[in-house]
Every structure is written in C-alpha cells, then in structure tokens.
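Report on one structure; see the data block that follows.
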There are 4 protein chains.
Amino acid sequence: MLLHVDPAGDLPIYEQIVRQVKFAIAAGALAAGDMISSVRELAKELAINPNTVIRAYRQLQDEEILQSRRGTGLVVGPAAPETCRRQRIDMIRARLGQVLAEARQSGLHDGHVGRLIREQLAIAFPDAEDDASQTPTQPEEISS
Amino acid sequence: MLLHVDPAGDLPIYEQIVRQVKFAIAAGALAAGDMISSVRELAKELAINPNTVIRAYRQLQDEEILQSRRGTGLVVGPAAPETCRRQRIDMIRARLGQVLAEARQSGLHDGHVGRLIREQLAIAFPDAEDDASQTPTQPEEISS
Amino acid sequence: MLLHVDPAGDLPIYEQIVRQVKFAIAAGALAAGDMISSVRELAKELAINPNTVIRAYRQLQDEEILQSRRGTGLVVGPAAPETCRRQRIDMIRARLGQVLAEARQSGLHDGHVGRLIREQLAIAFPDAEDDASQTPTQPEEISS
Amino acid sequence: MLLHVDPAGDLPIYEQIVRQVKFAIAAGALAAGDMISSVRELAKELAINPNTVIRAYRQLQDEEILQSRRGTGLVVGPAAPETCRRQRIDMIRARLGQVLAEARQSGLHDGHVGRLIREQLAIAFPDAEDDASQTPTQPEEISS
DNA sequence: GTGGTCTAGACCACG
DNA sequence: GTGGTCTAGACCACC
C-alpha cells in the first residue's frame with residue numbers, strides 16, 4: 001500500500017491514513033475482500049507508532065470500510081468501494097458549499113468567485129480543456 | 001455587531017470571531033474608524049468566556065485590523081478594509097485550491113467536479129444566472 | 001457519575017464505560033446538555049488510565065451520544081436520550097433472539113425454554129407478580 | 001458433519017466448532033460411539049486453518065466429549081450425549097439470566113421485557129401456539 | 001482546567 | 001504471524 005503521511009500537516013496522522021485508505025478504495029486500488037497492510041507493517045513503513053495505525057484502522061472498521069478477520073488481518077468490506085465513492089463526492093460537495101457560502105458571506109460577487117474558480121480549476125486540472133468555463137475569458141487581474 | 005458563534009463547530013471560537021469581524025469589514029458593514037463592541041459586551045452577547053474575545057481582538061490588533069484608542073476602546077484601523085478584502089480573496093483562493101486538489105487526488109474527473117461546482121454555485125448564488133458555466137448544460141444527475 | 005467497572009470482566013473496560021453511560025442516559029440519570037465527568041476525573045475515580053476513558057468517550061462521540069465543547073468538556077448530545085433508549089431495546093431484543101435461536105438449534109423444545117424463561121425472569125424481576133406472561137395481556141406495540 | 005462457521009462472527013472460530021459439535025450431540029445428530037470428521041477433512045470443508053480444528057477437538061477431548069481411538073480417529077464419548085444436554089441447559093439458563101439482568105439494569109420494566117420475550121419466542125419457535133407460558137404448567141423439574 | 005494526539009511498550013487471544 | 005486492550009507519560013490547543 002502506497003501511502004504517505006505528513007506529521008506536520010494540519011490533519012492528525014491517523015486521519016490522513018483514514019482518508020488515504022478511503023481514496024485508495026474509491027479509486028479502485030483496493031477492492032472488496034483485499035487484505036490491507038498489517039498494523040506493524042504500515043507503522044514501520046510510515047515510521048510511526050503502531051497505535052496510531054491501529055487508531056486509523058479502528059475508525060475504518062467503525063465505518064465498516066474494513067472488517068477484521070481474527071488472527072488473520074483486516075480486509076476491505078464488501079460495501080466499502082461504494083461507500084468510499086459516495087463519501088468522496090459528499091465531502092467535496094460539502095467543502096465546496098462551505099467555501100462558496102463563505103465567499104458570499106464575505107461580500108464577494110459571483111463574478112469574482114467565478115474567476116477564482118476557473119483559476120484554481122486550471123491549476124488542479126491542467127489537462128482538461130478548461131471545462132467549467134469554456135468561454136474565452138481573458139485572464140484579467142483578479143482584485144477585490 | 002451581529003455575529004454568531006458555534007461552540008461545537010470545527011473552528012476555535014476565537015477564530016470564528018476573527019473571521020467574522022474580517023468579513024464584516026470586507027463587506028463594508030464596518031468602516032475604518034468605527035468602534036467595535038467591547039470585550040465584556042461581546043462576551044455576554046455570545047455567552048462565551050471573555051478571555052476568548054480578548055484573544056480574538058488581540059489577534060486582530062496584531063494584524064492591525066483593529067487599533068486601540070486609549071480610554072475609548074477598539075476601532076477599525078484605517079487600512080483594515082483594504083486588508084480584509086485582500087485577505088478574503090486569498091483565503092477563498094487557497095481553500096478552493098485545496099478542495100480541488102483533493103477532488104483530483106480522490107480520483108474525481110474534471111467533469112464531475114464541474115458539475116459539483118455548478119451545483120453548489122447555484123445554491124450559494126441563487127440570483128446570479130449560473131455564471132461559471134454559461135453553456136447550456138443540461139441539469140443531469142450528479143452521481144458517483 | 002456513579003459507575004463501576006470490573007477490570008476482570010469479559011468486556012473491555014472502555015466498553016463497560018460506554019454501556020454504563022448509555023444506560024445512565026437511557027434511565028434519565030443524565031439529560032441532554034448535561035456535562036459528564038472529565039476524563040481525568042473519571043480515570044482517577046475508576047483507578048484506570050486516562051487513555052481508556054478517552055477511548056470510551058471517543059466512541060460515545062462517534063455515536064453522537066456525547067458532544068465536545070472545546071476547552072470546556074463533554075456534554076450529552078440532544079438526541080442522546082432517545083438514541084440510548086432505542087439502543088437498549090434493540091440490544092435486549094437482539095440478545096434474546098440469539099439465545100432463543102441457539103436454544104432451538106440445540107434441540108430444546110419450547111416447553112423447556114418457557115420454563116427456563118420463567119425461572120430466570122423470577123430471579124431478574126423478583127418484585128413483579130410472577131412471570132409477565134400468563135395474564136391475557138393485550139399484544140400492545142413494543143415501543144420504547 | 002454439517003457445520004457452518006463465520007470467520008467474522010464475534011466468537012472465535014474454534015469456539016464455534018466446539019459449540020456446534022456439542023449442539024449436534026445434544027440434539028441427537030451425533031450419538032455415542034459415532035466417528036467425527038478428521039481434522040484435515042473438516043479444515044478443508046470449512047476452509048479454515050487445521051490448527052483451529054485441532055484446537056476445537058482438543059477442547060472437546062479435554063471435556064471428554066470426544067475420545068481418541070488409536071489409529072482410527074475421534075469418536076463421541078459414551079457420556080457425551082448426557083453431558084451435552086446438561087451443558088446446553090446450563091448455557092441457555094446462564095445467558096438468559098445475563099440478558100434479563102442487563103434488561104433490568106438498563107431500566108427496562110418487566111412489562112417491556114415480557115413483550116420482548118413473547119416477540120422473540122414467536123420468531124424462534126413459530127410452530128408452538130404462542131408462548132409456552134399462559135398455561136398453568138406445574139413447575140416440574142427442568143431436566144434434559 | 002478541558003479534550004486530543006502521539007509515542008513507547010507490555011500482555012493477551014486467535015489462527 | 002495477526003489484531004486488541006491497557007498503561008504510562010509527553011505535548012498541544014483551547015477556554
């Protein structure tokens with residue numbers, strides 16, 4: 001399992017693990033029934049304490065993303081792929097909603113927000129031919 | 001000053017105050033030179049610990065958004081409106097960038113993201129005629 | 001908060017805490033909005049490690065039984081009483097179903113099972129006038 | 001031998017085997033002197049580790065439910081049927097006592113509990129005309 | 001004072 | 001080998 005954590009990030013390490021496992025499942029890198037890295041393995045790989053991994057795995061079990069096979073290890077649950085794909089959408093939607101609501105609350109006009117979105121979209125998805133804004137907008141200054 | 005605080009929210013209370021004051025200034029609800037609620041007043045109004053208000057005001061002073069006027073109280077600094085407007089843009093831009101980066105990392109295609117953006121934009125800015133996507137997009141289902 | 005744990009019991013200590021808190025809420029000893037013993041307090045009271053209490057409290061938070069008020073402590077969530085009362089019923093129902101199913105699977109006749117039930121019922125509810133069943137009780141709804 | 005094991009269940013696999021063998025003997029499906037599946041056979045049939053079967057069989061030998069017949073395999077011991085029938089009663093009694101005690105501890109009234117019992121009884125023993133209790137049965141000995 | 005995160009290490013049951 | 005529980009103690013942010 002190829003995952004990476006940043007001990008100095010704003011999210012707790014265990015949360016970073018939880019999210020990355022979910023992303024891996026959502027993206028299909030882990031399928032239902034697959035075994036996941038053992039606690040000790042992952043702890044060594046990430047150079048963190050096993051308890052931190054245990055905590056992440058436990059949360060995933062509580063959400064029924066992982067299932068414990070006693071004495072054997074943890075496997076991806078049957079409903080996990082669908083759950084993870086759904087959660088991913090919901091999370092993005094919620095966070096988009098938050099930031100847009102804040103944008104409005106702070107007095108920003110829709111025009112400004114649209115420009116900001118196109119700008120960031122172009123950074124995040126450079127390969128896509130600017131899909132949300134196929135109008136020939138000249139890259140004007142984005143000011144207050 | 002009409003601000004509202006959620007003690008169960010994900011952000012610290014003092015941070016919520018800081019942001020809302022900045023938003024109020026950016027939106028023009030508070031102008032340079034205006035006086036701001038006293039610590040005791042605001043603490044009572046929001047039913048929170050005065051120390052929390054003090055901490056928020058102190059941070060605003062450190063950023064030169066507020067200025068102490070001896071014997072009178074705190075007033076909005078002369079450069080505050082411009083500062084707040086600039087910060088607001090930077091913040092929205094940064095958060096948009098974050099959420100879009102995560103969307104990509106989680107394996108979402110640009111098409112999905114575009115739909116989600118238009119969806120949330122329509123919620124946050126219901127009056128604007130859907131500005132970031134002036135193409136005649138059919139309102140298809142947004143699924144996985 | 002009057003709770004008691006048995007470190008030698010079959011259930012983990014943290015689980016015992018979780019259940020007893022739920023029982024206390026279901027029974028009305030703790031109402032929505034009430035603050036709960038602090039982690040350190042309870043840990044000292046029960047002579048166990050604070051981490052064990054934290055784990056129990058965290059699980060209760062995950063189930064939205066408790067809510068965290070940053071810097072203040074944990075309070076009983078608004079929906080907790082109803083949730084706990086419902087869970088209590090569901091748990092008893094499930095365990096009854098299990099043991100009865102096992103009784104049948106092991107070849108026990110309904111007559112035997114009936115006798116065992118009356119016997120244990122008389123022990124658990126000695127004050128109730130005999131077993132709860134030979135009266136022609138109208139089959140009302142089984143609710144909270 | 002028709003037994004079934006759930007690797008994700010709450011009981012250890014070896015315990016599940018032990019119980020099911022005992023149940024089969026108590027119910028008469030296995031009689032004294034009958035041979036039992038070999039370790040390898042059962043392990044293959046259940047798709048589990050032979051060590052797990054060994055552990056289950058060993059426990060059954062320790063309880064003198066099974067006896068080793070040199071060069072032949074394991075057979076059901078002479079006293080096994082009676083032992084299993086007795087244990088079955090004791091187990092059901094104990095578990096009933098537990099769940100009823102918990103019901104009381106959680107603040108449930110005897111009326112609720114009575115209803116729950118009748119409800120689950122009707123599910124577990126659908127053929128018996130309602131619950132076994134409203135007949136004035138003389139409290140005979142509870143034997144096999 | 002409060003909860004929250006992380007580390008370190010012991011001990012156990014299970015397969 | 002696997003996960004699970006518990007202890008001990010450090011450090012942090014928040015109120």
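Sequence lines set the chain letters: A, B, ... in the order given, protein chains first and strands last, and positions in each chain run from 1.
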remark   = Students should find that the nucleotides of DNA chain E closing off the region near chain D, any atom under 4.0 angstrom from a heavy atom, are dC14(E) to dG15(E)
query = Tell me, which pairs form a salt bridge (charged side-chain N to carboxylate O under 4.0 Å, His left out) where one or both residues lie in residues 7-20 of chain A, sequence neighbours left out?
reply = Arg19(A)-Glu102(B)
query = Any side-chain heavy atom of Ile65(D) sitting closer than 4.5 Å to one from Ile25(D)?
reply = yes
task = With DNA chain E as reference, determine whether Leu74(C) or Asn51(C) sits nearer its 5' end, using the nearest nucleotide of each.
result = Leu74(C)
query = With a non-hydrogen cut-off below 4.0 angstrom, is Arg69(C) in contact with a base, only sugar-phosphate, or nothing?
reply = nothing
query = Across the strands shown, which category fits Gln67(A) at heavy-atom distances under 4.0 angstrom: base, sugar-phosphate, nothing?
reply = nothing
task = For DNA chain F, produce a single dot-bracket line, 5' to 3'. Pairs: Watson-Crick or G-U wobble, both distances under 3.5 Å. Symbols: ( ) within strand, [ ] crossing, | other strand, . unpaired.
result = ||||||||||||||.
Side chain Glu64(B), main chain Ala80(B), donor-acceptor under 3.5 Å = no
ask   = Step by step, would you call Gln87(C) with Lys22(C) a side chain to side chain contact (heavy atoms under 4.5 Å, CB included)?
value = CA-CA 9 Å; Gln87(C) 282 189 0; Lys22(C) 284 183 182 175; 2.9 Å; yes
remark   = Between Leu11(B) and Ala47(C), the residue closer to the 5' end of DNA chain F by nearest nucleotide is Ala47(C)
Can I get a per-line list of side-chain donor-acceptor pairs under 3.5 Å for residues 47-58 of chain C, giving both atom names and the distance, sequence neighbours left out?
residue  : atom : partner  : partner atom : Å
Asn49(C) : OD1  : Asn51(C) : N            : 2.8
Tyr57(C) : OH   : Ser37(C) : O            : 2.9
Arg58(C) : NH2  : Tyr14(A) : OH           : 3.1

message = In the structure I gave you, are the side-chain heavy atoms of Ser68(C) and Gln61(C) within less than 4.5 Å of one another anywhere?
response = yes
task = Select base, sugar-phosphate, or nothing to describe what Ile48(B) touches, counting heavy atoms under 4.0 Å on all strands.
result = nothing
ask   = In Å, rounded to the nearest 0.5 Å, how long is the span from CD of Glu63(C) to OG1 of Thr83(C)?
value = 9.0 Å
ask   = NA contact type, Glu15(D), heavy-atom cut-off 4.0 Å: base, sugar-phosphate, or nothing?
value = nothing
task = Using the test salt bridge (Lys or Arg N to Asp or Glu O under 4.0 Å), find all partners of Asp90(C) that sit at least two apart in sequence or belong to another chain.
result = Arg93(C)
note = In short, salt bridge (charged side-chain N to carboxylate O under 4.0 Å, His left out) pairs touching residues 31-47 of chain C with sequence neighbours left out are none
inquiry  = Base, sugar-phosphate or nothing for Tyr14(D)? Non-hydrogen atoms, less than 4.0 Å.
reply    = sugar-phosphate
note = Heavy-atom nearest nucleotide on DNA chain E taken for Thr72(C) and for Asn49(D); more 5' hit belongs to Thr72(C)
